[in-house]
Amino acid sequence: MSRFKKTLALLLVTAGFLSGCSSSQNTNDQLSQSQLDTVPALGNVEYHTYLLANELFADVRPARQSRYAVVGFVPVDSMKYNADHQHPLMLLGHQLEQGLITEATKRGYSTQEFKLSNDIIVNDTSDRILTRDIDQLSNIERVDFYITGTMVYQQSGAMVNARIVNARNKNVVAAATRFFPAELFWEEEQVTTRGGMLYRTQGMR
């Protein structure tokens, strides 16, 4: 067999091997994603936050000089947190803020902690550095982008709409949407509230 034919045969064998490996890898990836999709809701809010972050940061890259501030996610109808709204996901907006700070930082974004106080706050029961008291907040460094979003509560969960906004021109540079199941923080409830009224939900989901 000529040297050319030997080389050609070797290339064909190598290509077939690599194609088989690629197909096997794709199958494994699909299986892994399928297995991840069966993760139970309860106690896995970080998993859903991770998937939301994957979509949100998919087409943007962290700039070394840019600073990001992650602020709370609020209900789309009122644009503010309501402690009297006893929905199973009433604390989701706060958790999304904390979770996306983690996700953004892990992905290389320089995130600002704007609730940092000027000094350590010590009292009889705790010591802390974070505060919501405006008088105790330290000066906020320059912020180039905001990471925030809204929530639309539904009977079986909440639709979360996240976005990255340019602080100067208000342009939305990235956006993502994901459904968060109602059982992320508590077991499935048989009774829930809607518009101030009690409703039985057993067997409805």
Exercise. Do Phe185 and Phe73 belong to the same hydrophobic cluster, where Ile, Leu, Val, Met, Phe, Trp and Tyr are linked whenever their side-chain heavy atoms lie under 4.5 Å apart, directly or via other members?
Worked result: yes
Problem set entry | Closest contact, heavy atoms only, Gln155 versus Ala182 | O-CB, 4.4 Å
Exercise. When you look at Tyr109 and Phe57, which way does the ring-ring contact (aromatic ring centres under 6.0 Å, His included) test go after all the steps?
Worked result: CA-CA 10 Å; Tyr109 295 85; Phe57 297 119; 4.7 Å; yes
Exercise. Closest heavy-atom contact between Thr125 and Asn123?
Worked result: N-OD1, 3.0 Å
Exercise. Is a donor on one side and an acceptor on the other found under 3.5 Å between the side chain of Ser138 and the backbone of Leu116?
Worked result: yes
For this session: Please assess Glu113 against Ile101 for the test side chain to side chain contact (heavy atoms under 4.5 Å, CB included), listing each intermediate value before the final yes or no.
Result: CA-CA 9 Å; Glu113 182 50 84; Ile101 289 175; 4.3 Å; yes
For this session: Dump the intermediate steps for side chain to side chain contact (heavy atoms under 4.5 Å, CB included) on Met79 and Thr150, then the final yes or no.
Result: CA-CA 8 Å; Met79 292 297 177; Thr150 59; 4.0 Å; yes
For this session: State plainly whether one hydrophobic cluster holds both Leu89 and Phe179, where clusters connect Ile, Leu, Val, Met, Phe, Trp and Tyr through side-chain heavy atoms under 4.5 angstrom apart.
Result: no
For this session: Specify the closest pair of heavy atoms between Gly108 and Pro62, including all atoms of both residues, with the distance to one decimal.
Result: O-CB, 3.5 Å
Problem set entry | Non-neighbouring partners of Thr111 that pass side chain to side chain donor-acceptor pair (under 3.5 Å), sequence neighbours left out | Thr105
Exercise. How long is the gap from OG1 on Thr49 to CD on Gln95, to the nearest 0.5 Å?
Worked result: 6.0 Å
Problem set entry | Heavy-atom donor-acceptor pair, Asn171 side chain to Val173 backbone, under 3.5 Å | no
For this session: Decide yes or no on side chain to side chain contact (heavy atoms under 4.5 Å, CB included) for Val76 and Tyr153, but give the supporting numbers first.
Result: CA-CA 9 Å; Val76 69; Tyr153 290 119; over 6 Å; no
Exercise. Would a 4.5 Å heavy-atom cut-off, applied to side chains only, mark Asp144 and Tyr68 as touching?
Worked result: no
Exercise. Counting only heavy atoms not in Arg142, do more than 12 sit closer than 6.0 Å to its CZ atom?
Worked result: yes
For this session: Report yes or no: does Thr177 contribute a side-chain atom to a donor-acceptor pair with the main-chain N or O of Asn161 at less than 3.5 Å?
Result: no
For this session: Please indicate whether Asp59 has more than 12 foreign heavy atoms, meaning atoms of other residues, nucleotides or ligands, lying under 6.0 Å from its CG.
Result: no
Problem set entry | Test item: Val143 and Phe114 side chains (from C-beta on) under 4.5 Å apart, heavy atoms | no
Problem set entry | Heavy-atom closest pair, residues Ala174 and Leu56 | CB-O, 3.4 Å
For this session: Give the cluster check for Leu52 versus Val60: same hydrophobic cluster or not, with ILVMFWY residues linked at side-chain heavy-atom distances below 4.5 Å.
Result: yes
Exercise. Considering only heavy atoms from C-beta outward, does the side chain of Pro181 approach that of His48 to under 4.5 Å?
Worked result: yes
Exercise. If you round to the nearest 0.5 Å, how far is CD of Gln154 from NE2 of His87?
Worked result: 8.5 Å
Exercise. Residues two or more places apart in sequence or in another chain: which of them pass salt bridge (charged side-chain N to carboxylate O under 4.0 Å, His left out) with Arg67?
Worked result: Glu141
Exercise. Stepwise, does the side chain to side chain contact (heavy atoms under 4.5 Å, CB included) test hold for Glu97 with Val71?
Worked result: CA-CA 6 Å; Glu97 177 187 352; Val71 297; 5.5 Å; no
Problem set entry | Where Met151 and Gly93 come nearest, the two heavy atoms and their spacing | SD-N, 3.6 Å
Problem set entry | Exercise: identify the closest heavy-atom pair between Leu137 and Asn118 | O-ND2, 3.3 Å
Problem set entry | Donor-acceptor under 3.5 Å (Arg163 side chain, Val165 main chain) | no
Exercise. Taking a hydrophobic cluster as the set of Ile, Leu, Val, Met, Phe, Trp and Tyr residues connected by side-chain heavy atoms closer than 4.5 Å, whether directly or through intermediates, do Val74 and Tyr146 fall within one such cluster?
Worked result: no
